[in-house]
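Let me begin by presenting the structure, written as structure tokens, before commenting on it.
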Amino acid sequence: MKKRHTITVLTENTPGVLHRITSVFTKRKVNIESLTVSETEHEEISRFTVVFYSEPEFVSQLVRPIQKIVEVVDAFASDDETLLYKEIAFLRVGFSSEWERADIEKMATKNNGKVILANGRTMVIEITGEEDEVDRFRDMLKAYPLKTFVRSGRIAIKRELTEELLDHTLDE
Amino acid sequence: MSDIKKTKIVTPQSLGLPKSGEMSGSEAIIKMLLAHGVKTVFGYPGGAIMPFYDALFDYQKELHHVLVRHEQGAAHAAEGYANASGEVGVCIATSGPGATNLVTGIADAMMDSVPMVAITGQVVSPLLGTDAFQETDVIGITIPITKWNCQMTDPKDIPYMMAKAFYVARHGRPGPVVVDITKDAQINTFDWKDIDFKIKPQKHYAQRYSDAKLQRAADLINAAERPLLLVGHGVLIGDACHETCQFMEKGNIPAAATYLGLSAVPTDHPLYMGMLGMHGNYAPNILTNEADLIIGLGMRFDDRVTGNLKHYAIKAKIIHIEIDPAEVGKIIKPTVSLIGEAKDVLTELLPLLENKDRSAWLARFSEGKKKELETVIESAIHPKEGALRTSEVINLLSELTNHNAVVVSDVGQQQMMTARYYQFKKPRSYVGSGGLGTMGYALPAAIGAAFAIKDRPVLAIIGDGGFQMTIQELGTIAQEKLSVKIVIMNNNYLGMVRQWQELFFAKRYSATPMHNPNFVKICEGYGIESMKVSERSQIKSAIEKMLSTPGAFCLEVAVETEQNVWPMVPAGASVSDIRLK
Ligand SMILES: Cc1ncc(C[n+]2csc(CCOP(=O)(O)OP(=O)(O)O)c2C)c(N)n1
Ligand SMILES: [Mg+2]
């Protein structure tokens, strides 16, 4: 059965690496659900967080070619259970009365959301959480017109401090 | 040369680069090539690479440039050079169409782990991305078909990037690297005193297994009644032919080669059982499904080797010895994997190996060999009547060259016949396009091989179809006065495709008959001595004439038009369903 997986890639910060990483997914016809690239605690190292759905047995077929990329310092796959992960989303929602506005605000506050801008008949809510939490919040607001929906990719960190170099578990 | 190869850390000092002084990017490229022991490069000039060619004019003594007739030829020549010598092959092209013409050869090198550095010119850096004249996104195009690539817009990046290019191309599992250099980076200058770098081995080049795992592999081998060793390209690349034979001999372990593993073990070694795969030998294919242990050594279980995976190695445990972790578990899940250089792993494994009598198992191979000899080989190499057969010509070529040529073959029936019927005595005696199966490979690859090999004949065996894909390289052979012996197996068909049509498409010969030109006249036009034979009574003297004529020679052989290559594992079938007819 397909499951959600995260591959974290630590690479030298040079152009072209993104293309090389995504080309591993393209070659194997795996769709990327989300992708985040950012700096790390080491100035010259970038961190890619790639989320995708795949059969668990297949994940190593993606990780190992990524590990081979010359600029890649480390790459590892994780299940959601072993990670702390979040994303952030902005929802621009329309309302037509003060009562509706108050209703939306109430829902936002209850779900760890925050109204960060309101002008005219729309407001922008910021919400941070796991993908499913963001999805649920979006569903909750179904009654109101969603004008714009923006979500970041996932950022993830291992629950345990074991950013080990390359896995050694190659056989059964 | 070998010192450079062994050097683990590369610095400007280890390469003997200048300590100071102003230099143009173009000249620096040449300095870097020379620092890496390069003596011959294959290329074709054009606008964006002209500054480099201008600098080359002053280095004609140190660096020999071979002007090919099409950039694809440059890439394959670099491959042929690399495969025959084990050194990095270098090809050069201009931007745009020059670079895109290299693509087939680069992809071929990627598939077959060939160490190659391809240098491409690029438009001046201020014009990058503007669709300038002859601009193509070479980096983007070659990302999926290179081990690494990079673009240089500043001349002072050239020393480091070139050093890294060679390092990456040859270390670990070798592969092609593209370096794209803008025209201004070639023209502008830098000072060597500003150059400093340190290239260190990458972590994944290291060996990665425990002693316990090594012992587990040894235990599996020692316990096996019916082991079979699969010898791959990694054995040749990793210079492990000697250790491989020791391994076979100590354990009485029969071995079979993949197509690219040909010549790693001498064909006449008593434990060598032939070639694997679709047109390989009968015994190793059929006995793959009888073996209780398969040891994959420097190979990747390609689909042409395994046939239908569901019915592959059905009774066997698997040991996979491989340098590239990404190949382990990709196709076959091993019982034990040992990641490392073939030579290192074998050296560690050898002392743990027990000498074991496996004569009953070996006898099964002899039976299979006998069956193949009687039903296939005898009539293939000693036919009594009918037109000349490709197989008999190859067999004769092998005999008349004392099995001592470096043989380059193209793609198709003539390729499989060469792989089957030429007898190899020394490592790196066979050069061919494996994973990509690139028609047009042989003629330019033979040019490269001829620059690497001076003391043995270089034999190019090519079909009438493939010959016409890179026929223009006859011009290169003539200009360089190379002693390449070309044999065209002319069956007036795209033979291998025709064979499939005969067997699997009800003999509907769609787009496979070929109307061919007069090859002898073409060769003569290029100033290359040539002749055509079609009679059995003349073939021996014709080959002798070819071999005794100094310089290049092209022998066209009119062969049986509808000969098939047997045995055959039909696509999608199990290796043990190999057909003898
Ligand atoms: C560039 C390229 N195009 C097409 C093919 C498909 N193909 C494989 S073998 C073959 C026929 C080769 O014919 P020829 O060169 O005459 O050799 P023969 O099989 O007759 O010995 C073809 C078309 C290929 N391998 N490479
Ligand atoms: Mg043909």
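Throughout, protein chains are lettered first and strands after them, A, B, ... in sequence-line order, and every chain is numbered starting at 1.
- For residues 80-113 of chain A, the set of pairs meeting the ring pair (Phe, Tyr, Trp, His ring centres under 6.0 Å) definition, not counting sequence neighbours, is empty.
- More than 12 heavy atoms of other residues, nucleotides or ligands shown are found within 6.0 angstrom of NZ on B:K330.
- Taken from NZ in B:K333 to CD in A:E57, the straight-line distance is 8.0 Å, to the nearest 0.5 Å.
- A 6.0 Å sphere centred on CG of B:D131 holds no more than 12 heavy atoms belonging to other residues, nucleotides or ligands.
- Within 6.0 Å of CD1 on A:I155 lie no more than 12 heavy atoms contributed by other residues, nucleotides or ligands.
- Within a 6.0 Å radius of CG in B:D211, no more than 12 heavy atoms belonging to other residues, nucleotides or ligands are found.
- The most heavy-atom pairs under 4.5 Å with chain A, out of B:A326, B:C150, B:S210, come from B:A326.
- Looking at B:T146, both its backbone and its side chain come within 4.5 Å of chain A, counting heavy atoms on both sides.
- With a threshold of 4.5 angstrom between heavy atoms, B:I143 approaches chain A through its backbone and through its side chain.
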Could you walk me through whether B:R173 and A:K68 satisfy the side chain to side chain contact (heavy atoms under 4.5 Å, CB included) test, starting with their C-alpha distance in whole Å, then the side-chain angles of each, then the deciding distance to 0.1 Å, before giving a yes or no? CA-CA 10 Å; B:R173 178 178 178 179; A:K68 274 191 353 182; 4.2 Å; yes
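- The part of B:D324 that comes within reach of chain A is its side chain, from C-beta onward, which places non-hydrogen atoms under 4.5 angstrom from that chain.
- No more than 12 heavy atoms of other residues, nucleotides or ligands sit less than 6.0 Å from atom NZ of B:K156.
- Here the side chains of B:I139 and A:H19 are not in contact, with every heavy-atom distance at 4.5 Å or above.
- Note that CZ of A:R20 is 9.5 Å distant from CH2 of B:W148, once rounded to the nearest 0.5 Å.
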